[in-house]
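The structure appears right after this line, and notes come after that.
Proteins come first, then strands; the chains are lettered A, B, ... in the order of their sequence lines, and each starts at number 1.
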2 protein chains.
Amino acid sequence: MTSLSTLGWTLKDWQTAHQTPQGYAYLTELIEQINQATDCAWISRLSLTQLQTDWQALQERREQGEALPLFGVPFAVKDNIDVAGWITTAACPAFAYLAEKDASVVQHLKQAGALLIGKTNLDQFATGLVGTRSPYGAVPNSFNPEYISGGSSSGSASVTARGLVPFALGTDTAGSGRVPAGFNNIVGLKPTRGWFSIQGVVPACRSLDCVSVFALTTADALQVAQILGQKQDLEDAYSRQPPAATPTRMPERPKFAIPAQLEFFADPFAEEAFAKARAELSRLVDWVEIDFSPFTELAELLYQGPWVAERTHAIGELLQQAPEQIESTVRSIVTKGSDYSAIDCFAAEYRRQELARMIQHTLSQVDALVVPTSPRIRTQAEMQQEPVLYNSQFGTYTNFTNLADLSALALPAPFRADGLPAGITLIANAWHDFALADFGQRWQAHLALPLGATGQAFQPAAEDVSTLAPGAVRVAVVG
Amino acid sequence: MTSLSTLGWTLKDWQTAHQTPQGYAYLTELIEQINQATDCAWISRLSLTQLQTDWQALQERREQGEALPLFGVPFAVKDNIDVAGWITTAACPAFAYLAEKDASVVQHLKQAGALLIGKTNLDQFATGLVGTRSPYGAVPNSFNPEYISGGSSSGSASVTARGLVPFALGTDTAGSGRVPAGFNNIVGLKPTRGWFSIQGVVPACRSLDCVSVFALTTADALQVAQILGQKQDLEDAYSRQPPAATPTRMPERPKFAIPAQLEFFADPFAEEAFAKARAELSRLVDWVEIDFSPFTELAELLYQGPWVAERTHAIGELLQQAPEQIESTVRSIVTKGSDYSAIDCFAAEYRRQELARMIQHTLSQVDALVVPTSPRIRTQAEMQQEPVLYNSQFGTYTNFTNLADLSALALPAPFRADGLPAGITLIANAWHDFALADFGQRWQAHLALPLGATGQAFQPAAEDVSTLAPGAVRVAVVG
């Protein structure tokens, strides 16, 4: 795949290419390659024939003078997000249906001229943080196939990390848009809940679900986020609009919180990598240590509390009629939702509210909290031994986020000594998405790590990429 | 009781009296009277001895230069609100406990110099809209004792309507702070959820509960509200702060919504009274008719959905250990909370969110919705026939309010032809409390009805009451 001309292209690379007549040739090269490859990151892919049709429609819109900021930019979406005319599987063939209508987020991207090239694999029903719970295959880590990709948005993270698309959509209820970003050296933007519509997305925990964005750079993730969040969706009852004033920048030298208690589940590489990240961050920020126990308690509530009943509700019919069609680990988790009463539900909701309030108060005193995106990584083989326990460990630094109504941004960070990625995540109160992205851009420029798993060099935002000739391959910088 | 010097005094009347040395004499007269009377509106009352102690402490604070805007102003609180050193019963002797600490709202009022003179009767555990569900007696309507007072804040409404106190605190989950205001010709301010702390209040549905204010005038209710809502309470996880900009005024000629479908449950007096109110309102506002079905569906969700499990949770221990100590109708309602599962809970929550979004969208297009406070009233005897059905009818225009996160203000309105009161309620989106109160003041000035059940004349805000001599009784205007 390294021969692909568009390998690791960012939004700007694609936008530049489409200012020349060669744009379409790049797209056909890409579609041919993804259709030839055996790649379990994809569940379905755009055909060359469909590309021709889509391209023609796009060209007509451009000729009619439509503003198309993402004209011809290829993207992928997780296969729990509806695209009109495509099958939505949620990684469960027995659940699959033909979507008649685009999800709101897909509609926004198509309106902006972006071109969907495929739908991606996931932990079934977005239940998992691992990337192995799918009948379409376990998505390998893009750096070392013995390791997991992370999930549940495994496929979207993989095709972004490998530079096939400049961005892809995931979903993030418990960390599904961040853990795989951390394991694959890319950016995962988990927006404030309700900023992007979830209309047309298969629910996991409908009261908590978010659509998320993977990209190679923070700048690209932010540009996509602005398109996705442009207006409130009246069809999505959980859609919200930002308040009048939201912070867009961080101070020149921000104050970051760091957990006083850090857990790596005995992974020395992860611990060392986070220490490196912390040392690099120290050049840019001031620190304050915080008590992490309210975050930990809230994280545990998500899977050990009644919110799992939302998952049970979402697939109730299938669970009753054909439970054997559900992946066994997913089934064992989701059936537990029936054990909880409404009284349990309110008791947990009261505690959630108390913990959320404490957390929001803590975060109101800093510019962001920084955590490892995931405390450690595992091999595919290890996951077969402990599919539930290890999975739950991955959510140590993510599970609490939507329960406490926070914004989050998973970022690349210095690599582990064994060559695997080890991301960090910035977390702040609701509607701090822009401020987090502001710092994310500084951080990526500071580290200048290669993009995803492509080996392509990070280009600072100011770079003029218009001189990049088609077919040119940038000099790879080894991280 | 008509010989009481302070009958129907407003805040300003009390404030004026306390600028003279006679203030204490008025208080002793009041305390003597309430302690002599047989009056099931009270569950406990201030003793003369305690008055002396409290008065002395207040005087010392005044001498030390403390700002005490409510210096010596008597008030009452519903007996599900804690006051340090007083028993909290929630109208259930088996549940009663000695409160060690003031509820936050009581603390705010005491800080402002207000003087608690008693704790008031209620539908047990604030479960009811009727005023009859209490072992301390059924509170009679202040205009005709054959009729109900409304509830659950029956006692607080009664002592306010009868002019014993200028204001009293109630609580309002489903309408408990509005229905009794409507049945007794007083103002009931149901704030935006979270504006006033619920710390120290016995939970009914903790995720929905509000403390509410009864007063004879909107101006007084608003003054008390400003004291209660002065700051966010970090001890109450559900406490919220108003956003930076909240509407404080209504346009000169506001646009009001009115339900296209109006239900009075075959009470021609109620229907006629609302028509009169509408005719009077037409002089001040423009109208738009709206589809009321989302409001009705949401109202029904409250008691026919899993939120009743919050009530079950709140008194779970008593329900297990001594169910026979719970009032029979209340018990039959509250035990139903155990029937719901967590899955029911989330299914109802999704529908709640959808309906709330529709309602909020509708209300964003008008200045307020106006409804009858309650569709009709009943006699005590009727309530014994149908204690549950008739009670649920009272909530037709109130039950949806907290589920949809709205603000509301119950106001006096033209009387029924049978001489009973028939209030109206203004409803708007969250944080429109001040705008509603702005119109409420105009409306009361427009109607100039006598205050509560006191027969005392309404005095426009601009009136200088400083010339009112102690013992003077204003000319009564019969409504």
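Note: B:Glu310 leads B:Glu354, B:Gln360, B:Glu310, B:Met358 in heavy-atom pairs under 4.5 Å with chain A. The choice from B:Ala342, B:Ser207, B:Ala356 that makes the most heavy-atom pairs within less than 4.5 Å of chain A is B:Ala342. Most heavy-atom pairs under 4.5 Å with chain B: of the set A:Tyr340, A:Trp307, A:Tyr238, this distinction falls to A:Tyr238.
Contacts between B:Pro243 and chain A at a heavy-atom distance below 4.5 Å are absent for every atom of the residue. Residue contact with chain A, scored on non-hydrogen atoms closer than 4.5 Å, is absent for B:Asp339.
The shortest distance between side-chain heavy atoms of A:Gln232 and B:His361 does not fall below 4.5 Å.
How far SG of A:Cys345 is from CD1 of B:Ile343: 10.0 Å, rounded to the nearest 0.5 Å.
Judged by distance alone, with hydrogens and angles left aside, the side-chain atoms of B:Arg357 form a donor-acceptor pair with the main-chain N or O of A:Ser239 at under 3.5 Å.
A:Gln365 CD: more than 12 foreign heavy atoms inside a 6.0 Å radius.
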All N/O donor-acceptor pairs, side-chain side in residues 313-330 of chain B, below 3.5 Å, sequence neighbours left out:
{"unit_1": "B:Glu327", "atom_1": "OE1", "unit_2": "B:Thr329", "atom_2": "N", "d": "3.1"}
{"unit_1": "B:Glu327", "atom_1": "OE1", "unit_2": "B:Val330", "atom_2": "N", "d": "2.9"}

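Interface residues of residues 346-353 of chain B toward chain A, defined by a heavy-atom distance below 4.5 Å and sorted by number: B:Phe346, B:Ala347, B:Glu349, B:Tyr350, B:Gln353.
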